[in-house]
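Taking it in order: structure first as structure tokens, then the write-up.
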There are 2 protein chains.
Amino acid sequence: MSTLGYALLSLLTRGPATGYELTRRMKRPIGHFWVANHSQIYPELARLTEAGHVEVHEEAGPGPRAKKTYTITGSGRRALAEWLPQPPAFTPRSEVALKAYAVGAADPARMAVLYEEVAADALAKAAVFERELGELEDDPGHPNFGNYAALRLGIESQRGLSAWASWLASRLRKYAGEHDGAD
Amino acid sequence: MSTLGYALLSLLTRGPATGYELTRRMKRPIGHFWVANHSQIYPELARLTEAGHVEVHEEAGPGPRAKKTYTITGSGRRALAEWLPQPPAFTPRSEVALKAYAVGAADPARMAVLYEEVAADALAKAAVFERELGELEDDPGHPNFGNYAALRLGIESQRGLSAWASWLASRLRKYAGEHDGAD
DNA sequence: ATTTTCATGTAATCTGTTACATGATTAC
DNA sequence: GTAATCATGTAACAGATTACATGAAAAT
């Protein structure tokens, strides 16, 4: 099964939902860490249904097609519980880091502006996460502890990114100041 | 142009290379932040050549085909210099965070083991980056400053990840201790 | 009246992974 | 002699993005 399948099962542990609702749930807070759009979600839900990991309840919908509400099954819960403790796959693909690697190929003053923006954006994101965190409990027994744990990772990451971007921006600013007009 | 194209141009700012060599250069240190395999790289080099961003020099190769050495052109440098200061795209897709979000659906003792491993792996990675950093200069004027900057981001990220994973592991350990046998 | 929300799907395209395929040279 | 390294490609498949397509109900 694909990671998206597990992501949908994870969302369905919070309660039954339609494909439309899952598309929205993919945004807050899980969308900060995993994104998918409806054109990916609908076919994946069909696959999960065929595999017996979810069950569908159909009703008359607002549009031309039936509204389908999905519920996670025992088989779905078991599949999720087996996948979770396995070492997470990590495919490094960070455009921020890639641009840093190539930073010498661009104008340092312009790159300083970029990293000042990156630092500010990261702090703003951290603040958003912080606000969301305030509504949750730091208790592994609470059903929303997963949201809490994921948000804490987000805050940690964004703060680290902001600190790094500030450092790089100041280095580039200083260098640009020392070398402008002279080259 | 795709991000992979810019990644290859970035590598070529460090000097001419064959597709084979670029495949290896994609590993240390850039591969910590951006990965690609040769089956992606060869067609992309053909596209870059057609676009005029790189130039090819052909020689007799060890195998049945000619060995091709690629050099970045002025057009390639310009394309790279224009791309770099633009806000980096960020597609959140973190399996670690996704698993944290669903942590309540698995056995807490097993998940504690997972996050202890994640914490240890992250520290090990940070140590590798640290060693690579030792050979580089903290000076924007130095041609390898990009490597330095990227590695510092890697160290920052891995340390943050490790701290977070340790926190989560201890929370889960404590919870598992309080609740084992009782459920 | 127009826009947003709810609701579901398909098609085309792009990107990325895994596997297949060839063959010389060098190291063990 | 066997394995690793150097070197380049293609094909099949999987995963993700953008665009196309429909239509009711509610809000502005």
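As the structure is a prediction and not an experimental result, all values here were calculated from the model. Below, chain A is the first sequence line, B the second, and so on; all start at residue 1.
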Upstream residue (5' side of DNA chain C) when B:V35 and A:E21 are each assigned their closest nucleotide: A:E21

B:E58 CD - D:dA7 P separation (whole Å): 14 Å

Ion pair check, B:E116 and B:R173, cut-off under 4.0 Å: yes

Between CZ on residue A:R159 and CG on residue A:L161, distance to nearest 0.5 Å: 13.0 Å

Atom pair OH (B:Y175) and CG (A:D139), whose distance is rounded to the nearest 0.5 Å: 7.0 Å

Distance in angstrom units between B:L45 CG and D:dT10 P, rounded: 12 Å

Modelled atom types, side-chain donor and acceptor of B:H53 and B:S75, under 3.5 Å: yes

Per-nucleotide protein contact string for nucleotides 9-16 of chain C, where B marks a base within reach and S marks sugar-phosphate only (heavy atoms under 4.0 Å, - for neither): BBB---SS

Nearest-Å distance for atom pair CZ/P, residues A:F90 and C:dT17: 13 Å

Below 3.5 Å is the cut-off: list the nitrogen or oxygen pairs between protein and nucleotides 4-6 of chain C, distance only.
residue	atom	partner	partner atom	Å
C:dC6	OP2	A:Y20	OH	3.0

Flag for A:H38-A:T23: side-chain donor and acceptor within less than 3.5 Å: no

Under 3.5 Å: donor-acceptor pair, side chain of A:S162, backbone of A:Q158: no

Any donor-acceptor N/O pair, B:S10 side chain to A:A102 backbone, under 3.5 Å: no

Candidate pair B:W164 and B:Y115, rule ring-ring contact (aromatic ring centres under 6.0 Å, His included), full reasoning: CA-CA 9 Å; B:W164 171 83; B:Y115 290 112; 5.6 Å; yes

Touch class at under 4.0 angstrom, heavy-atom based, for A:G19 against every strand present: sugar-phosphate

